Amino acid sequence: MSGRIIKILDTTLRDGEQTSGISFTEEEKLLIAKALLLDLNIDAVEVASARVSEGEFKAAKHICRWAEDHNMLDRIEMLGFVDYNKSADWILQTGCKTMNLLCKGSLNHLTNQLNKTPEDHIKDINKTVQYAHKAGIKVNIYLEDFSNGIAADTDYIFYLIDNIKGVNRIMLPDTLGILNPDSTFEYCSILVKKYPDLKFDFHAHNDYGLAEANLLACVNAGISRVHTTINGLGERAGNCSFASAVAVIHDHSEFKTMVVENKTKDISSLIESFSGIRVAQNTPVVGENVFTQTCGVHADGDKKGNLYFNKLLPERFGGQRNYALGKTSGKASIQKNLEKLGIELDEEAQKKVLQKVIEFGDKKEKVTLADLPYIIADVLGTPINTRVKLIDFSLVLKLNLKPSAMVKLEIDGVQIEANATGDGQYDAFMKAVSSIFTVRKETIPELVDYSVTIPPGGRTDALVETIITWKDKTSFKTRGVDCDQASAAIEATINMLNQWLQH
Ligand SMILES: [Zn+2]
């Protein structure tokens, strides 16, 4: 059994689309099918349910036409129902050659939902299968609610398998997601041992968060094909996630798949945008945090020969590792980010940048790579001799009242405080600063230009860079960077005072 290839049927376009609120367009469906088959090399895709809608029909037809042109029609499958000719005719008209026929895998469903005897059900199934065969369609069967069915009555499952004629694969869905790894292994083993010549699929649902664990159990029991959806989309808690399934099979079993791992992140992002459902940041394999090392100790470990290495390298799944900058950053995270930006800084400058990053990390959640050049410019532009220190300030903005500011500066070791009102908060701040220097019989440089920028990507929590142009004898610029625009302007002003007093 060692090295056996496990096949994957992806059902994002059928079972995944049953997630409430999701409806892919025809074009999106074609793009997804292409990516699944061409880029990821997934063995087969289930792309539609028969007789659902005109839109479903058009999309299915479109996908089949494309697949036929690319010699992949045998990898397209569609869900059909026990309805003699109706599903088969619908599927035939799309151009598809494989029907996954939904049969009742539990006696409870059969008697209570359809009010039929097992004998009648077998008769109907076989008629439907025969009709499909005559139309040139291969048939696999789903034993719907198999997990409850086999738990209640093993003989009913045997009866079905013994009497349904001419099907290619038998697909075992845990429709309500009730299994655990032990019961999955037990039930799958019973069938694989009793029917060594038949081919079985397992279809997991994630109601207990056990979908991937159950998938691992089923392949260990000898199941040859498993069902997944991208990002685990599906009804309720969803299906087995493709990315996790592949990682689990490759890293935790002796089996292989034929899929291309390094397209995993791409397909996950594509489905995120088409479905409008984002994966949680801490989702295994494809979540944003998986690609981000926040802790400085970890980044250092990566530098020193992958001390924090595990097999789930982001690069393996087509992602790129990021080193988050924040209050837990270390020197190594700074270096990794500088490398990415192609910036070289000496030890001293790196230390200052790190200090600033930690400072900002306390104020906001995350400092990003895009923020870093601003911080560097800020740190390197700050004069070394600081004669003026900002001890305290407050800005007041109130309805029907002129904006006002309080400023307390320390100049050459002496603290002075002033208050002022102005046309805006920053104007009030500048007037207060100006009045402090008036006391010292000095006139501060005049503000001639003021520009505010935020890093590309412009999130509301991004850092703000303020560049102010001043005029004294000559004109010069200073810069301030902060999460808040007023604070950035104030920092640029303090930088200006220090530069000005140096001359
Ligand atoms: Zn399902």
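For the numbers below, each heavy atom of this structure counts, side chains included, while hydrogens, waters and symmetry mates do not. In listed order, ligands and their atoms are each counted from 1. The model shown is predicted, which means the values in this text are computed figures rather than measured ones.
If you look at the Zn ion (ligand 1), the protein N, O or S atoms less than 2.8 Å from it are Asp15 OD2, His203 NE2, His205 NE2.
Between Glu77 and the options Arg225, Lys97, Lys138, a salt bridge (charged side-chain N to carboxylate O under 4.0 Å, His left out) holds for only Arg225.
Using a 3.5 Å distance cut-off with no hydrogens or angles, the side chains of Ser183 and Asn180 do pair a donor with an acceptor. A donor-acceptor pair shorter than 3.5 Å can be found between the side chains of Asp162 and Tyr195.
Taking the six-membered ring where the residue is Trp, the centroids of Tyr142 and His227 are separated by under 6.0 Å.
Between the side chain of Asp174 and the backbone N or O of Leu179, at least one donor-acceptor pair lies under 3.5 Å.
Between Glu315 and Lys265 there is no salt bridge, since no side-chain nitrogen of the basic residue lies less than 4.0 Å from a carboxylate oxygen of the acidic one.
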